[in-house]
Structure formats: structure tokens, C-alpha cells
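Here is the naming used below: chain letters follow the sequence lines, and residue numbers restart at 1 for every chain.
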There are 2 protein chains.
Amino acid sequence: MSLRYALLGLLADRPASGYDLLQRFKGSLANVWPATQSQIYTELSKLADAELIAVSDEGPRGRKEYTLTDTGRADLRHWLTDTKPKRVVRNEVLLRVFFLGVIPPAQAREYLSDIEAGSAEGLAALAEVKAATDWGDDDLSTYGRMALGWGERFYVMNQQWARWAREQLPPVER
Amino acid sequence: MSLRYALLGLLADRPASGYDLLQRFKGSLANVWPATQSQIYTELSKLADAELIAVSDEGPRGRKEYTLTDTGRADLRHWLTDTKPKRVVRNEVLLRVFFLGVIPPAQAREYLSDIEAGSAEGLAALAEVKAATDWGDDDLSTYGRMALGWGERFYVMNQQWARWAREQLPPVER
DNA sequence: TCGTTCATGTAAGACGTTACATGATTGT
DNA sequence: ACAATCATGTAACGTCTTACATGAACGA
């Protein structure tokens with residue numbers, strides 16, 4: 001269901017083709033809701049069938065530009081106001097932490113260091129997104145910045161946690 | 001794939017039935033990798049077919065106790081050391097943030113307040129888990145505490161972020 | 001005896017991933 | 001002429017959710 005609303009949400013901003021949406025996904029939404037090319041095209045077909053979006057223009061190479069319909073906008077609003085998000089988040093990085101006991105402490109330590117390094121990378125990637133995006137004062141910019149702020153805090157938190165977690169490890173044998 | 005290793009990981013600690021695993025999931029792993037009853041039983045069958053686990057005991061009411069085999073333990077280790085976790089995390093709560101522009105600011109504000117309240121609840125739930133668990137100095141305890149520490153930091157971060165995010169909202173019209 | 005907990009399983013359908021397949025257009 | 005990019009679509013397979021279905025054992 002969420003991918004569906006991610007697409008409607010992007011189309012609420014402005015009309016776009018599947019290809020456009022794919023690009024825009026990479027730059028922002030991919031961080032909170034990854035989707036593949038095949039998934040996006042399939043979902044767009046379904047949305048068009050359901051008349052939540054409509055082809056508003058056709059271009060070269062079979063390009064189809066979709067626009068949000070009134071029904072689509074209503075559905076999007078309904079999702080935002082009348083349904084609750086699932087709070088649980090699947091986190092494979094953390095799942096592994098539970099089982100670090102089955103490998104030697106030295107490797108567990110390494111795993112935690114990798115998380116710390118990975119978080120630094122993530123933070124750097126966000127900085128790039130931040131620099132590469134042209135931020136305006138439109139809604140998507142305002143709320144996009146908000147989401148970005150979350151990402152930054154998330155990675156910083158991860159880094160700090162990983163450092164702390166290493167200190168909790170059984171001391172190195174010598 | 002991850003559920004599979006979640007189960008192997010729990011069985012690495014000690015033998016258990018599907019029902020046992022279901023209970024243990026609720027208390028801890030559900031926070032990082034939710035799974036339903038039907039999924040767990042189905043996966044256990046597959047794992048037994050693949051001889052990564054084996055029925056080590058049968059009890060009343062058709063109870064089947066599974067034990068990790070050597071192959072299973074090797075597979076678990078391999079997963080931990082030779083494969084990389086997927087870093088991306090699907091987050092519906094945050095996905096919605098991107099699209100708050102389609103609803104009036106007052107409702108957006110409410111949404112952010114709900115996140116703040118939800119985080120407080122999450123934190124409280126973790127506190128309960130912390131109190132209800134009997135922590136030893138075994139590996140699962142050590143690493144379970146570590147994961148719990150992550151959860152606490154996560155919720156605190158979310159709370160702080162939500163408060164900050166509210167301040168970024170367009171000021172209330174009057 | 002009766003409700004709760006223990007205990008397992010199957011099936012349909014939605015959602016997600018990976019891979020394959022095709023071809024037009026643009027820029028160098 | 002050729003490579004890169006634009007552009008869309010399908011198929012197979014795996015995973016996850018929801019719902020259904022059944023019944024034994026335990027404790028009050």
C-alpha cells in the first residue's frame with residue numbers, strides 16, 4: 001500500500017512519467033521507502049486502472065506523463081489523515097546484533113565498527129542529497145528538509161550507539 | 001532470508017518449539033523483525049527440510065522441539081560474517097512526512113505530535129521489556145541489552161526530532 | 001465442564017526482488 | 001556510427017499478511 005501512496009504523493013506535487021518518478025525516488029524517498037523500476041511501472045498501471053491517476057500527456061519513446069486525479073488526491077488525503085502508519089520498522093542491521101554471540105568477540109567488534117563507518121557514509125550521502133537538491137519554500141521542500149533532518153539524526157544516533165555498544169562488549173582476551 | 005536467520009539465531013541459544021519461538025519473538029525480536037505465527041511455522045518446516053534444524057523432542061499436543069544442527073550453526077555463522085545486512089529501512093511514519101503538504105498545517109502539526117507521543121509509548125514499552133526480562137551474563141543477554149539500548153536511543157531521537165520538526169512548520173495563521 | 005492456553009498447520013492474495021526483454025532518441 | 005540515456009513493460013520467484021481451521025491439555 002505504501003508504494004502506492006508514495007507515487008500519489010509525488011504526483012500531487014507535479015505530473016511525471018514513470019521514468020521521472022524513478023529518478024525522484026532515488027534522490028529522496030529511496031531512503032525511507034525503496035522501490036525498483038519494475039515495481040513502480042507495475043504500480044502506475046494499477047493506479048491508472050483505478051483512475052487515481054491519468055495519462056495527461058504522451059511524449060517520445062512511448063513516454064506517458066501521469067497526473068493525479070481528484071479521486072487520487074482524495075485517496076491520498078484519506079490515507080494521511082484517516083489511517084495510521086505502521087510504527088514497526090524492519091531493521092536487519094539490528095537483527096544481527098542479537099546473534100553476535102555466535103561469532104568471536106573480535107568479529108562482533110568489527111561488525112559494530114562497520115555500523116559506525118556505515119553511518120558516517122550515510123551521513124555523507126545525505127549531505128550530498130542536501131547539496132544537490134534545490135530547496136525552495138514549497139511544501140515538498142519544507143517537508144523534505146524535515147525528513148532529511150530525521151535521517152541526519154538517525155545516522156548520528158547510530159554512530160553514537162555503535163561506539164557505546166563496543167564498550168559493552170566482553171573485554172578482549174589476551 | 002532474515003526471518004530464517006532470526007529463527008536459527010534463537011535456536012542457537014537453546015532448543016525450542018514453534019510456539020516457544022513465537023513467544024520469544026514478541027518479547028524482543030518483534031521490534032526489529034516482526035513475524036506472524038503462520039510465517040514462523042512455515043519457515044520452521046522449510047528449515048527442517050533443509051536440515052538446518054531438526055526435531056529433537058516431541059511433547060503433548062503435537063509439540064515439536066527443534067534443535068539447531070551443525071549445518072544450521074555453520075549457515076548462521078556464514079550469514080553473520082560473510083554477508084552484508086541491508087542498510088535501508090522502510091519507514092512508513094517518515095514516508096508520510098514528505099507529503100504533509102497535501103493536508104492543512106494544523107493536521108500536519110497533529111501528525112508530528114502523534115509521532116512524539118508514539119515515541120514516548122515505544123520508550124515505555126521498552127522499559128517494560130527491560131523490567132520483564134531476566135538478564136544474565138550470557139551472550140543473548142549482552143547483545144539483547146545492546147539492541148535495547150538502540151531502541152531507547154531511537155525513540156528518544158524520534159521524540160526530539162518531532163519537537164524540532166513542529167518548529168519548522170509554517171506558522172499558524174490567525 | 002468449560003474457558004484459556006498450548007500447539008500446529010494451510011491457503012489466498014498482496015507486495016517485493018531479480019532478471020529478462022525491447023526499442024527509440026540524443027549527443028558526440 | 002556508436003554509446004549513453006530515456007522509456008516501458010513482463011515473468012518468475014520469494015516473502016509477508018490475513019484468515020481460516022483444528023484440536024489437545026490444563027486449571028478452576
Side-chain angles (χ1 to χ4, degrees), chain A residues 1-8 15-27 29-50 52-53 55-66 79 83-92 95, chain B residues 1-8 10-11 15-27 29-50 53-66 79 83-92 95:
Chain A
M1 275 296 87
S2 292
L3 171 62
R4 168 184 191 142
Y5 293 106
L7 294 173
L8 292 181
S17 68
Y19 193 83
D20 292 340
L21 292 166
L22 191 55
Q23 312 304 317
R24 295 179 67 192
F25 241 84
K26 282 181 197 157
L29 293 189
N31 295 295
V32 301
W33 206 271
T36 59
Q37 174 262 345
S38 91
Q39 223 186 332
I40 289 178
Y41 281 106
T42 309
E43 192 63 35
L44 284 172
S45 294
K46 284 190 209 160
L47 289 172
D49 282 352
L52 299 176
I53 63 177
V55 175
S56 52
D57 193 18
E58 309 212 5
R61 283 167 290 204
R63 182 177 200 274
K64 282 189 278 185
E65 195 179 71
Y66 292 101
W79 176 67
T83 68
K84 279 190 185 165
K86 286 198 186 153
R87 281 216 267 116
V88 276
V89 151
R90 284 202 162 79
N91 188 333
E92 190 186 331
L95 174 63
Chain B
M1 276 292 90
S2 292
L3 172 62
R4 169 185 190 144
Y5 293 107
L7 294 172
L8 292 180
L10 286 177
L11 289 173
S17 68
Y19 193 83
D20 291 341
L21 292 168
L22 191 55
Q23 312 303 318
R24 294 179 67 192
F25 242 83
K26 283 181 197 158
L29 292 189
N31 295 295
V32 301
W33 206 271
T36 59
Q37 174 262 348
S38 91
Q39 224 186 331
I40 290 177
Y41 281 106
T42 309
E43 192 63 37
L44 284 172
S45 293
K46 284 191 207 159
L47 288 172
D49 283 350
I53 62 177
V55 175
S56 52
D57 192 20
E58 310 211 5
R61 283 166 289 201
R63 182 178 200 275
K64 282 188 276 185
E65 194 179 71
Y66 292 101
W79 175 69
T83 68
K84 278 189 186 165
K86 287 200 183 149
R87 279 213 269 116
V88 275
V89 152
R90 283 203 162 76
N91 188 333
E92 190 186 330
L95 174 64

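- Residue A/Arg63 places at least one side-chain N or O under 4.0 Å from the OP1 or OP2 atom of D/dA7.
- On the nucleic acid side, DNA chain C has its first and last nucleotide under 4.0 Å of a heavy atom of chain B at C/dT5 to C/dT17, going 5' to 3'.
- A distance of 4.5 Å separates CG in B/Leu95 from CH2 in A/Trp79, rounded to the nearest 0.5 Å.
- To the nearest 0.5 Å, atoms CD (B/Gln39) and CD (B/Gln37) are separated by 10.5 Å.
- Base engagement by A/Ser38 is indicated by at least one non-hydrogen atom pair under 4.0 Å involving a base atom.
- What separates CD of B/Gln39 from P of D/dG14 is a distance of 15 Å, to the nearest Å.
- Closest non-hydrogen pair, A/Gly18 versus A/Ile40, comes out as O-CG2, 4.3 Å.
- Distance, A/Leu22 CG to D/dA7 P: 11 Å, rounded to whole Å.
- Residue B/Arg90 is classed as a sugar-phosphate contact, given heavy-atom separations below 4.0 Å to backbone atoms only.
- Among the protein residues, B/Ser17 comes within range of the sugar-phosphate backbone only, with heavy atoms under 4.0 Å from sugar or phosphate atoms but none that close to a base.
- Counting heavy atoms from C-beta outward, A/Leu44 and A/Leu21 have side chains that approach closer than 4.5 Å.
- Nearest-nucleotide positions on DNA chain D for B/Ala35 and A/Tyr41 put A/Tyr41 closer to the 5' end.
- For B/Asp49 (side chain) and B/Lys46 (main-chain N/O), no donor-acceptor pair under 3.5 Å exists by modelled atom type.
- Residue A/Asp20 is the one, among B/Glu43 and A/Asp20, whose nearest nucleotide of DNA chain D lies closer to the 5' end (criterion: closest heavy atom).
- Across the interface with DNA chain C, nearest-nucleotide mapping of B/Lys86 and B/Glu65 shows B/Glu65 to be the residue nearer the 5′ end.
- With contacts defined as side-chain heavy-atom distances shorter than 4.5 Å, the pair A/Asn91/B/Trp33 does not qualify.
- In terms of position along DNA chain C, the nucleotide closest to A/Lys46 lies nearer the 5' end than the nucleotide closest to the other residue of the pair A/Arg61 and A/Lys46.
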